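Note that the coordinates shown come from a computational prediction; the quantities given were computed from them, not determined experimentally.
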There are 2 protein chains.
Amino acid sequence: MDAKCPHNTEVNCGDCRMNALCLPLALQTKEISQLDEIVQRGRPLQKEGHIYHAGEEFKSVFAVRSGSVKSYTVTNEGQEQVTGFHLPGEIFGMDGIAHNHYTNSAIAMETAAVCEIPFSNLQELSIAIPSLQRHFFQLMSKEITNDQSLITLLSKNTAEERVATLLLSISNRNLRRKLSGVRFRLPMSRADIGNYLGLTVETVSRVFGRFQKQDILLVDKKEIEILNIDQLRNLAN
Amino acid sequence: MDAKCPHNTEVNCGDCRMNALCLPLALQTKEISQLDEIVQRGRPLQKEGHIYHAGEEFKSVFAVRSGSVKSYTVTNEGQEQVTGFHLPGEIFGMDGIAHNHYTNSAIAMETAAVCEIPFSNLQELSIAIPSLQRHFFQLMSKEITNDQSLITLLSKNTAEERVATLLLSISNRNLRRKLSGVRFRLPMSRADIGNYLGLTVETVSRVFGRFQKQDILLVDKKEIEILNIDQLRNLAN
DNA sequence: CGGCGTTATTGATCTAGGTCATCTGAAGTA
DNA sequence: TACTTCAGATGACCTAGATCAATAACGCCG
């Protein structure tokens, strides 16, 4: 397998293009190789392939290496609730720590590759490398603040504000990966967007329509171009 | 100050009635006294007294000893968003870890006492006591799963389902403290309930009204008696 | 005790977004 | 190439809960 292939499973953490995003900055070379030993690089996942199912025993947290992943739960009435979208360089699976079982399921939204980090090893290593412990406390805290902004979004904002906010979030996360913040492909369906934002597909579709009519966006199926990011920011507020 | 006084600040962790809730079960007597040394027991807070403000430098997490506390953020439009209610034995303030500044403000909803746990000391101690590290990972993960159920509640459930779910949550948390799960006093106002659940005060009031008419609840201002907990569970689903 | 601000209740109306139904087009497949 | 499927867009209508407005009931303080 070619080292440049984005789904390559053979690379180690030190060489991975994503390491600036998922590892603590302060890590020494020696420490990186310690981490490398516990990280398991899984083979590429097909679209719709599960990384884990809700209820399974919690063993590991995961980092997205390529592609994209969504987390979701199923309510007692059987409806799906999307709880997060995970792009390359992002960590997911930390919801499982509390009860020793995953509360979410995680599924690839397109062809993807993930790194598996066994949590018991990570705990031990965190004791040897305090900056790693700190890093994981921070990652979990960030997840908490993210979830809380979603709570605020859902309880206070209109459909347009919610969609605008999601687009800006994806734009920012693309920038972090040195990709374009104004032209990108949405990895998720309209249904997933609606589900995540507490809206119906129809409403999402209509909001995209309105944004196009106002020359804020150019939408071609999943390809998005942000034409007026300032106005989008205004709308998101 | 009398040792039996609920707002007493002189007690240590080993004697505290709440220790089964906020400390890891596995802690040894010696370890408890190590923890005791870093925990600072603050003096009682007046109603509306702030524990910290959003934006302040993050230094500590806190445990509720008595009374009750609410966390909230203020949106860019200046509206308050309640992000959590904290009852005795519960830990709060973990949102601050991510950015080294609190993202929420925390305020006493009634006379309350809190224990302050300086986070840098806690991190060090977590390295010496692995079960403490594990415990805090779990606490943070629990916060994540709680926030995610709130997200689901807000995006999928009706006003009645939301109110029923909150009442059952408070009921369960009272049971954990060996208090009645069916008769209790709500520490928060209708406005706080509405804000937390993404509803207006009027809607909350009407839902309470309907629940009373159906003989599910007996409501007298903030005093609640659950008359039919099974039906409440059905409604919450 | 009486006046006043705050919190809760209740009623009347309005609206954002849900529901339902139809239509289009792209992608897969036989 | 024709057939099916599924994601997305769009239009017509409806409803849960918001908004606005009035009233009641409670502390709280001089």
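Closest contact between the side chain of B:R190 and the listed nucleotides D:dG17, C:dA8, C:dG17 involves C:dA8. Of all nucleotides listed (C:dA8, D:dT19, D:dG8), C:dA8 comes nearest to the side chain of B:K222. Checking D:dT10, D:dT19, D:dA9 against the side-chain heavy atoms of A:E202 singles out D:dT10 as nearest. Side-chain proximity of B:S205 to the nucleotides D:dA12, C:dT10, D:dT19 is greatest for C:dT10. In this structure, the nucleotide among D:dA18, D:dA7, C:dG11 sitting nearest to the side chain of B:R206 is C:dG11.
One interatomic measurement links the two molecules: CG of A:L153 to P of C:dG17, which rounds to 12 Å at whole-angstrom precision. With rounding to whole Å, A:N195 atom CG is found 13 Å from D:dG8 atom P. Between the CD1 atom of B:I193 and the P atom of C:dA8 there is a distance of 8 Å, rounded to whole Å. Between the C1' atom of C:dT9 and the CG atom of B:D220 lies a distance of 13 Å, rounded to the nearest Å. As rounded to whole Å, 14 Å separates atom C1' of C:dT19 from atom CG of A:L199. What separates CG of A:L235 from P of C:dA16 is a distance of 15 Å, to the nearest Å. Taking atom CG of A:L154 as the reference point, atom C1' of C:dA16 lies 15 Å away to the nearest angstrom. At whole-Å resolution of the value, CD in B:E48 and C1' in C:dT7 are 13 Å apart.
The residue B:S189 sits close only to the backbone: its heavy atoms come under 4.0 Å of sugar-phosphate atoms, none of a base. Among the atoms of the strands shown, only primed sugar atoms or phosphate atoms (P, OP1, OP2) are found under 4.0 Å from some heavy atom of A:G198.
Residue-to-nucleotide contacts include no donor-acceptor pair under 3.5 Å from the side chain of B:R210 to the base of C:dT9.
Under 3.5 Å, the side chains of A:S141 and A:Q138 contain no donor-acceptor pair of N or O atoms.
For the atom pair CD1 (A:I51) and CZ (A:F92), the distance works out to 4.0 Å, reported to the nearest 0.5 Å.
Taking 4.0 angstrom as the limit, B:T203 places a side-chain polar atom (N or O) nearer than this to OP1 or OP2 of D:dA18. The side chain of A:T200 contributes an N or O atom lying less than 4.0 Å from OP1 or OP2 of C:dG18.
More than 12 heavy atoms of other residues, nucleotides or ligands lie within 6.0 Å of CD in A:E77, so this atom counts as buried by the packing criterion.
Ion pair A:E223/A:R185 flagged as a salt bridge, since at least one NZ, NE, NH1 or NH2 atom sits closer than 4.0 Å to an Asp/Glu carboxylate oxygen.
When each of B:D95, B:T83, B:T73 is paired with B:T103, the side chain to side chain donor-acceptor pair (under 3.5 Å) condition holds for B:D95 and for no other.
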